[in-house]
Amino acid sequence: MQITFVKSEIPDDGTFVVGVAEDQETTGVLEQLDKKSKGAVERALKAARFTGAKGQVAEVLAPAGVDLDRLLVVGLGKPDDFGPSAAEDFGARAAARLLTSGEKAATFLVQTPKEASNVDEAEIAARIGLGATLRAYRFDQYRTTQKKTDKPTLAKVNVAAADPADVKKAWRATEAVARAVYFARDLVTEPANVLYPEEFVKRARKLEDLGVEVEALGEKEMAKLGMNAILGVGQGSERETQLLIMQWKGARDRNAQPIAFVGKGVTFDTGGISIKPAGGMDAMKYDMGGAGTVTGLMHALAGRKAKVNAIGICGLVENMPDGRAQRPGDVVKSMSGQTIEVLNTDAEGRLVLADAVWYCQNRFKPKFMVDLATLTGAIRTSLGLEIAGLFSNDDELADRLLAAAKVEGEGLWRMPMGDRFDRLIDSPIADMKNIGGAFGGSITAAQFIQRFVNKVPWAHIDIAGTAWAEEARGSHPKGATGYGIRLLNRLVAEHYER
Ligand code: BES
Ligand code: MN
Ligand code: ZN
């Protein structure tokens, strides 16, 4: 989808989409249109009982007096709530409605409600473009037949702005983020027969074109480093386990202390010998969602040339049961030297992160470390499918993450941690066990990771509920969401660039 920014006026052709908040007078271009059409616009709005409530749409086909194919008037919701998020939602809704409508190009415009305070017009326009782009994502490469009417037609959206040149600057960075979200969604959507650890690494090498340094460790190198926690997970797979290391050196001082992101990249999680039930197991192709987000974030930072040094590390492994697979009860020694009793081979994400996080903090000595993982079914029970769980040893980092998530419209909620949870993972025969019992499953998983974190500020985001969406909503279609790229990109932009 191509986004351009144009002057706020009635377009010459195609579809015109106008966003109007609740109970607003029709002013500006809408009023002009109404005059040209001899009152047809007002009549159509009345006939549709249009009030401007969120999500309402009134449609006028081939309005008289102008050359438009159609006019859509879309409700923005309460005028007091109008801002960047409402604008993004408008862009997303309008794009969803028009994507396969037959229309190739459309012009989107919002009529800023008079009650809205502090509205940055350039930001509003950029967020409309972002919503449209992100919602229009498709993954069609495995379809060999598709009805013509199911194929996307909308290829171009012109977003109306008071000062188009001004928005173009803001859009450059926003577009880099949108591209990165697409890249991550592709990774997450790919089936596990196509995307296995080495293939993930191969695709991540694309980031070299953006200036990211990409390396990967194979099983031999990881064994030398003592990474037996992650290697144990991959023991039953024909595919080779990989540790992906990405470095973006965008700070003025290339040697300045970096920030770091670590992702769980289980390219398929059968559960291993503690095998999962058959129903719905296909979902476990997205168990590399954390790695997808980390790689997408590196793509975004490099794509917009962020002035920061950032490290992205992904533990890439397939969790399969076979004759060599890890058994429940096995004890492994992690890279940190701590031993783990593996009581359930399906609690593999924390084993992957144990070594990845340890490697990250010891090699790079980062300012902070954030890990992302589709770690527990329990976080879905706790917070549902639209809010991720945040766990942290540092209030400042946690607050910054929560604030960034809020602006970007990505749900995030902080969960408790502490000794009363930590002791639940003590093992009778090793330093710890990899499951914590029936209760507080997301928290005991986070406590496990924390045992591999030294003094560095750290946060863990459990995205098991948010990495994949069963329904289209807001700025994502059904499927991979790319959750977390936006909030982490904002965290970096607001606090760590220089
Ligand atoms: N990958 C799963 C968690 C998951 C579940 C992600 C649903 C996305 C959707 C993880 O590896 C897992 O199997 N966790 C177990 C842990 C348990 C064995 C302690 C779980 O949550 O059941
Ligand atoms: Mn599992
Ligand atoms: Zn898993």
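Just so we're clear, the structure is a prediction, and the values are computed from it rather than from any experiment. In each ligand, atom 1 is the first atom listed, and ligand 1 is the first ligand listed. The chain is numbered in sequence order, starting from 1.
- Annotation for ligand 1: atoms under 4.0 Å from non-hydrogen atoms of A464 are 6 (C), 8 (C), 9 (C).
- By the 6.0 Å contact criterion, NZ on K206 is open, its count of non-hydrogen atoms from other residues, nucleotides or ligands being 12 or less.
- Around the Zn ion (ligand 3), the protein atoms of type N, O or S found under 2.8 Å away are K264 NZ, D269 OD2, D287 OD2, E348 OE2, listed by chain and number.
- Shortest contact from atom 12 (C) of ligand 1 to any protein heavy atom: D346 O, 3.2 Å.
- Between the side chains of S475 and E88, at least one donor N or O sits under 3.5 Å from an acceptor N or O.
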### Task
Go through the steps for E190 and K285 under the test salt bridge (Lys or Arg N to Asp or Glu O under 4.0 Å), then give the verdict.
CA-CA 8 Å; E190 282 288 8; K285 72 169 183 178; over 6 Å; no
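- Taking 4.5 Å as the limit, some side-chain heavy atom of M432 sits within range of a side-chain heavy atom of Q338.
- Counting atoms of ligand 1 from 1 in the listed order, those under 4.0 Å from a heavy atom of E348 are 11 (O).
- The proximity of N344 to ligand 1, defined as any non-hydrogen pair under 4.0 Å, is limited to the side chain.
- Of the protein's heavy atoms, A347 CB, 4.4 Å lies nearest to atom 17 (C) of ligand 1.
- Residues F268 and Y196 place their aromatic rings such that the two centres sit no closer than 6.0 Å.
- Residue, atom and distance of the protein heavy atom nearest to atom 21 (O) of ligand 1 are G377 N, 2.7 Å.
- In the candidate list M288, R350, R380, R350 is nearest to atom 16 (C) of ligand 1, counting heavy atoms.
- When each of T293, D287, D462 is paired with K264, the side-chain hydrogen bond (donor to acceptor under 3.5 Å, both in side chains) condition holds for D287 and for no other.
- Only backbone heavy atoms of L375 (N, CA, C or O) come within less than 4.0 Å of ligand 1; its side chain stays farther off.
- Shown here are the salt bridge (Lys or Arg N to Asp or Glu O under 4.0 Å) partners of K54, two or more places apart in sequence or in another chain: D89.
- If you look at Y286 and W468, their ring centroids are closer than 6.0 Å.
- For the Mn ion (ligand 2), the neighbouring protein N/O/S atoms at less than 2.8 Å, given as residue and atom, are D269 OD2, D346 O, D346 OD1, E348 OE1.
- With hydrogens and angles ignored, the 3.5 Å screen pairs a side-chain donor or acceptor of T345 with a backbone N or O of I273.
- The ligand atoms of ligand 1 that sit less than 4.0 angstrom from a heavy atom of Y286 are 8 (C), 9 (C).
- When hydrogens are left out, the protein atom nearest atom 8 (C) of ligand 1 is M284 CE, 3.5 Å; that is the closest non-hydrogen contact.
- Between N489 and R304 there is a side-chain heavy-atom pair separated by less than 4.5 Å.
- Residue-ligand proximity, D269 to ligand 1, at heavy-atom distances under 4.0 Å covers atoms 1 (N), 2 (C), 10 (C), 11 (O), 13 (O).
- Annotation: D419, atom CG; neighbour count of heavy atoms from other residues, nucleotides and ligands within 6.0 Å does not exceed 12.
- Side-chain contact between L217 and L225 is present, with at least one heavy-atom pair separated by less than 4.5 Å.
- Side-chain contact between Q242 and E198 is present, with at least one heavy-atom pair separated by less than 4.5 Å.
- Between F364 and Q257 there is no side-chain heavy-atom pair separated by less than 4.5 Å.
- Every residue two or more places apart in sequence or in another chain that forms a side-chain contact (heavy atoms from CB on, under 4.5 Å) with K202 is listed here: E199.
- Less than 4.0 angstrom separates some heavy atom of I435 from each of these atoms of ligand 1: 19 (C).
- Between F261 and F368, the distance from one ring center to the other falls under 6.0 angstrom.
- Judged by the shortest distance from any of its heavy atoms, K264 lies inside the 4.0 Å radius around the atoms of ligand 1.
- At a distance under 4.0 Å, a protein heavy atom can be found next to atom 14 (N) of ligand 1.
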